[in-house]
Amino acid sequence: MPATPTGVAAAPGRLPLFGHMHRMLTEPRGFFESLRGRGDIVTIGLGPTVAYVINEPSWVHQILTRDVHKFAKGIGYEKSAPFLGNGLLNSTEPTHMAHRRLMQPAFHTAQIAAYADQMRESAEQRATAWRDGQVVEFGQEIHAFTVAVVCRALFSADLGNSVAVQVEEALPVLLKGVTRRIAFPIGWLEKLPTPGNRRFNRARHRLDDILTNVIAQCRARGATDGNLMAILLSARAQGDGPGLSDQQIHDEAMALFLGGVETVRDVLSWACHLLSQHPDIQRRLADEVDAALAGRSLDHSTLANLGYLRQVLTETLRLYPPAWLLSRRTVTEVALGGHRIPPGSHVLFSVWTIQRDPAVYAAPSTFDPDRWGGAAAAALPRTYFLPFGAGNRNCIGEPFAWEEMMIFLATVTAHWTLHPSPGHRVRPSRSPMLQPKRVPLIVRAR
Ligand code: HEM
């Protein structure tokens with residue numbers, strides 16, 4: 001293991017062999033936030049391994065942009081590799097940029113607008129099935145919605161619907177396995193036939209089989225209708241070069257599932273929870289939605305008139321960024337300020353901590369969508385807001401996510417007001433994403 005550079009503070013409470021596993025599993029965000037005051041760069045123990053936590057946002061920006069070629073994706077992706085394979089989320093150059101260019105057309109504005117109708121259909125399917133006064137488990141409802149939306153955009157309406165339920169079951173099991181593997185990254189433990197490892201492997205094989213099957217069906221049909229799978233199937237990497245193999249298509253589809261399902265579900269779940277806690281904000285949002293719809297059906301063009309909804313979602317992304325902890329591994333020595341991080345080192349940064357810095361955000365824990373309106377918003381430093389990452393590894397799905405999130409929340413707001421379920425406290429789960437455990441809310445017809 002390379003020596004730790006001098007002058008780098010070490011986080012207290014590191015246990016031999018276990019490192020900071022106990023804190024990573026029991027209070028992960030509090031743990032990372034507690035490191036902010038200890039220095040711009042601090043070491044922690046991931047099991048017996050050392051990792052560098054970067055607290056200085058300008059260095060995080062440097063890692064994601066100027067120095068991006070000095071880093072590989074880190075431990076979070078390494079531990080997801082058994083099911084993620086080599087898709088956009090964790091592939092290295094030059095494959096990454098070649099595949100990203102191929103997939104980019106599926107995320108262009110015109111194409112995103114074309115997904116709007118099926119997104120609205122999926123949102124209405126859920127929101128119109130609820131009864132006045134019903135307690136709705138929003139985590140589950142939104143998960144079903146986001147799986148359906150990604151499956152339909154990725155494959156086609158009929159194939160998408162047929163795989164959605166199976167994907168919905170498999171993803172949470174895989175993410176739970178990844179959490180354990182990050183907190184205590186000991187390779188041989190992952191191979192033991194424990195119940196957790198067996199569940200992880202079963203879910204991985206199930207998802208593999210689903211994708212293999214559906215790719216074969218798409219190939220057999222011939223892809224024509226502009227969905228993501230059609231783009232992948234007809235892709236030619238370089239001019240007349242070979243297209244993507246079934247394995248490559250499988251891995252890219254997996255990246256879109258992992259990148260696109262749980263993230264949107266988490267933001268929307270938190271947003272619904274926050275709205276239920278803030279009736280005044282909810283009322284203002286309802287007024288905006290009513291005025292924008294004015295009795296018409298929601299479509300892509302409506303979204304341009306929903307500025308306050310955008311602020312509500314931006315503030316939710318600030319408080320609850322699903323990818324709250326990003327990881328990298330140095331492939332060469334990297335200089336950050338006066339420090340030299342050796343090659344092969346784990347590097348982590350907490351988006352949660354950066355986006356709650358009291359030096360930049362007044363009352364950082366308060367849900368205040370107004371901070372994103374007017375001149376005050378323009379003055380906020382961009383390096384302190386990175387829910388979608390930055391640089392050439394930023395989120396390719398960001399425009400898709402905005403479309404989907406706005407359509408879902410506008411649809412729900414048009415029909416219902418949301419109220420907390422008495423006696424229930426919404427808390428984060430142990431997922432590697434920042435996910436609320438359960439979000440039971442009472443819906444009342446408007
Ligand atoms: C609110 C929703 C979303 C959030 C907060 C989010 C967040 C992120 C972040 C932070 C990254 C960069 C990770 C890193 O640098 O390590 C990323 C990458 C990625 N996201 Fe998203 N994402 C969201 C929605 C989506 C959607 C809807 C899709 C696809 C349909 C998607 C697909 C991807 C892919 C494929 C990458 C890898 C891009 C690359 O490395 O070139 N994401 N996302």
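Counting convention: from 1, in listed order, for ligands and their atoms alike.
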Check your understanding: Are the aromatic rings of Trp59 and Phe349 close, with centres under 6.0 Å apart?
Key -> no

**Study point:** Charged N-O contact under 4.0 Å between Glu33 and Arg356
**Key:** no

**Study point:** Close-contact set for ligand 1 against Lys73 heavy atoms, below 4.0 Å
**Key:** 14 (C), 16 (O)

Practice item. Could you tell me whether a side-chain N or O of Glu141 sits under 3.5 Å from a main-chain N or O of Val136, the two making a donor and an acceptor? Key: no

Study note, to complete from the structure: Contact region, Arg100 to ligand 1, non-hydrogen atoms below 4.0 Å, reads side chain

Review point. Taking the minimum heavy-atom distance to atom 7 (C) of ligand 1, which of Pro387, Pro399, Gly389 ranks first?
Key: Pro387

Point to revise | Leu88-ligand 1 polar pair, N/O distance under 3.5 Å | key: yes

**Study point:** Closest to atom 8 (C) of ligand 1 among Ser327, Ala401, Cys395 (heavy-atom distance)
**Key:** Cys395

Check your understanding: Is it true that Asp209 and Arg206 have a side-chain N and a carboxylate O under 4.0 angstrom from each other?
Key -> no

**Study point:** Ring-ring centroid check Phe367 Trp270, cutoff 6.0 Å
**Key:** no

Review point. Is Arg310 close enough and on-axis enough to Trp402, meaning under 6.0 Å and within 45°, for cation-pi?
Key: yes

Practice item. Step through it carefully: locate the ring centre of Phe138, locate the ring centre of His273, and say whether they are under 6.0 Å apart. Key: no

Check your understanding: So which heavy atom in the protein is nearest atom 25 (C) of ligand 1, and how far is it from that ligand atom?
Key -> Gly259 O, 3.2 Å

Check your understanding: What atoms of ligand 1 come closer than 4.0 angstrom to any heavy atom of Asn394?
Key -> 38 (C), 39 (C)

Review point. Which atoms from ligand 1 have a heavy atom of Ile396 less than 4.0 Å away?
Key: 34 (C), 35 (C)

Check your understanding: Can you find a side-chain donor-acceptor pair between Asp299 and Thr302 that sits under 3.5 Å?
Key -> yes

Study note, to complete from the structure: re atom 23 (C) of ligand 1, the protein heavy-atom contact at minimum distance is Thr263 OG1, 3.4 Å

Review point. What's the verdict on salt bridge (charged side-chain N to carboxylate O under 4.0 Å, His left out) for Asp67 and Arg328, showing C-alpha distance, side-chain angles and the deciding distance?
Key: CA-CA 12 Å; Asp67 283 356; Arg328 292 293 187 268; over 6 Å; no

**Study point:** Aromatic ring proximity Tyr52/His346, centre distance under 6.0 Å
**Key:** no

Revision key, fill the gap. closest protein heavy atom to atom 40 (O) of ligand 1 is Arg393 NE, 2.9 Å

Exercise for review: Go through ligand 1 atom by atom and flag the ones less than 4.0 Å from a non-hydrogen atom of Val267.
Suggested key: 1 (C)

Check your understanding: Mind checking whether Trp324 and Phe32 have parallel, tilted or perpendicular rings, split at 30° and 60°?
Key -> perpendicular

Review point. For Arg328, is the nearest heavy atom under 4.0 Å from an atom of ligand 1?
Key: yes

Study note, to complete from the structure: At under 4.0 Å between heavy atoms, what of Phe388 touches ligand 1? The answer is both

Review point. In ligand 1, which numbered atoms sit nearer than 4.0 Å to a non-hydrogen atom of Phe400?
Key: 27 (C)

Point to revise | Nearest-neighbour protein heavy atom for atom 16 (O) of ligand 1, which is reported as residue plus atom name and distance | key: Tyr77 OH, 2.4 Å

Check your understanding: Do the ring centers of Tyr115 and Phe400 come within less than 6.0 Å of each other?
Key -> yes

Exercise for review: Of the side chain and backbone of Glu398, name the one, both, or neither that has a heavy atom under 4.0 Å from an atom of ligand 1.
Suggested key: neither

Check your understanding: Does a donor on one side chain sit under 3.5 Å from an acceptor on the other, for His96 and Glu93?
Key -> yes

Check your understanding: For ligand 1, is there an N or O atom under 3.5 Å from any N or O atom of Leu317?
Key -> no

Review point. Which ligand 1 atoms does Pro322 reach within 4.0 Å, using its non-hydrogen atoms?
Key: 5 (C)

Study note, to complete from the structure: Residue, atom and distance of the protein heavy atom nearest atom 37 (C) of ligand 1 read Leu89 CD2, 3.6 Å

Point to revise | Part of Leu386 within contact of ligand 1 (heavy atoms, under 4.0 Å) | key: neither

Check your understanding: Which residue owns the protein heavy atom closest to atom 41 (O) of ligand 1, what's the atom, and how far is it?
Key -> His96 NE2, 2.5 Å

